[in-house]
Amino acid sequence: MDLEFIKRETLKDKPKDETKLGFGRIFTDYMLMMKRDNTRGWFYAAIEPFGDLSLSPAALVLHYAQEVFEGLKAYRGGGGRILLFRPWENMKRMALSAARLSMQPFDSDFLLNSIYELVKREKDWIPAAPGTSLYIRPTYIGIDPFVGVAAAEEYLLYVILSPVGAYYPRGLEPVDIFVENNYVRTVRGGTGTTKAGANYAISLLAGEEAHQKGFSQVLWLDGVEKTYIEEVGSMNIFFKIDGEIITPALQGSILPGVTRDSIIRIARDKGMPVSEKRISIYEIEEAQADGKLEEVFGSGTAAVVSPVGKLVWGDKTIVVGDGGMGQVTRMLYDTITGIQYGRIEDPYGWTYELK
Ligand code: COI
């Protein structure tokens with residue numbers, strides 16, 4: 001299949017103030033569009049003008065949420081270099097997500113190369129202000145006009161681009177997190193390990209209730225005992241307790257974050273003890289009571305490395321360290337963003353320079 005190019009007549013104005021991009025509301029001039037059906041296989045791939053989709057109101061995705069997505073970024077490095085961070089990992093995870101939702105496989109290499117072409121064409125949209133990047137959102141949907149419950153036979157796989165700043169409006173200020181005791185995100189065997197849009201839909205009510213109480217995010221506990229820590233939903237979570245960095249083990253319900261994996265590697269290479277294990281909210285409470293809860297931070301493509309200031313669990317408030325950004329959190333933030341923006345050497349082969 002060849003990648004076509006469909007030119008648009010006029011280009012949009014680019015954001016004037018890159019310090020006010022926010023997250024995910026501005027989109028570039030073009031998108032990548034791929035189409036598949038069961039008779040032709042993947043039969044269409046084009047860089048097209050960004051625009052509305054035309055779908056039947058009966059389209060499967062609108063009824064049964066057969067949708068998965070990814071999130072990765074293109075960074076503007078020194079000298080105008082364009083860098084992507086471990087993009088092949090997002091392709092792998094998207095393939096696994098698609099398989100979990102009974103969606104047809106796609107050619108990951110073709111998709112990734114097409115994303116490279118799209119980003120190259122849209123390179124002038126990659127912002128240069130500190131902490132900004134071009135967020136890349138691959139999205140895969142089943143679109144048959146059919147309201148029976150079945151896996152789709154017709155699909156769209158498209159990629160849109162959005163110049164972004166920090167995910168949290170207050171940047172690197174520590175976020176306060178509500179430990180969710182009522183709703184659950186997933187259980188083992190569910191879709192928690194995938195980037196299915198439905199995972200995020202079911203998190204909204206808890207998120208809204210937490211916002212009303214003044215919290216930025218919800219920390220999910222395991223869906224069975226509501227005791228063991230899972231993730232925040234828009235990020236994985238790490239604790240530094242008595243010198244050790246601990247993150248919940250991937251045991252079948254947590255998203256295997258690319259940033260999470262990178263942080264584990266960096267921290268170990270810096271000589272820090274890192275454990276991936278089951279850890280309960282009781283242990284966190286105890287560590288804090290003993291004065292050993294030194295740092296808490298989240299990790300994600302959108303969130304990067306975000307310090308957590310406190311966790312509220314029922315009537316208990318667990319304040320982290322001195323409420324500021326911890327030293328290790330800062331070091332990990334600086335290292336990972338240093339690699340992503342090409343400011344420091346990448347010893348891992350994680351960065352891909354677009355030429
Ligand atoms: C990301 O970190 O890229 C995510 O997908 C999290 C969120 C914006 C849904």
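All values below were derived from every heavy atom in this structure, side-chain atoms included, with hydrogens, water molecules and symmetry-related copies excluded. Counting starts at 1 for both ligands and their atoms, following the listed order.
- Shown here are the ring pair (Phe, Tyr, Trp, His ring centres under 6.0 Å) partners of Tyr140, two or more places apart in sequence or in another chain: Trp42, Phe106, Tyr155.
- Ring-plane geometry between Tyr116 and Tyr352 is classed as parallel, the angle between the planes falling under 30 degrees on a 0 to 90 degree scale with a further cut at 60.
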What does the N/O contact table under 3.5 Å look like for ligand 1?
unit_1, atom_1, unit_2, atom_2, d
ligand 1, 2 (O), Thr301, N, 3.3
ligand 1, 2 (O), Ala302, N, 2.8
ligand 1, 3 (O), Tyr135, OH, 2.5
ligand 1, 5 (O), Tyr135, OH, 3.3
ligand 1, 5 (O), Lys195, NZ, 2.9

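- Sorted by first and then second residue, the salt bridge (Lys or Arg N to Asp or Glu O under 4.0 Å) pairs involving residues 96-108 (not counting sequence neighbours) form an empty list.
- Annotation: cation-pi pair Lys12/Phe50 present, NZ/CZ under 6.0 Å from the ring centroid and within 45° of its normal.
- Listed for the Glu295 side chain is a donor-acceptor partner under 3.5 Å among the backbone atoms of Thr329.
- Under the ring pair (Phe, Tyr, Trp, His ring centres under 6.0 Å) criterion, Tyr341 pairs with Tyr75, sequence neighbours left out.
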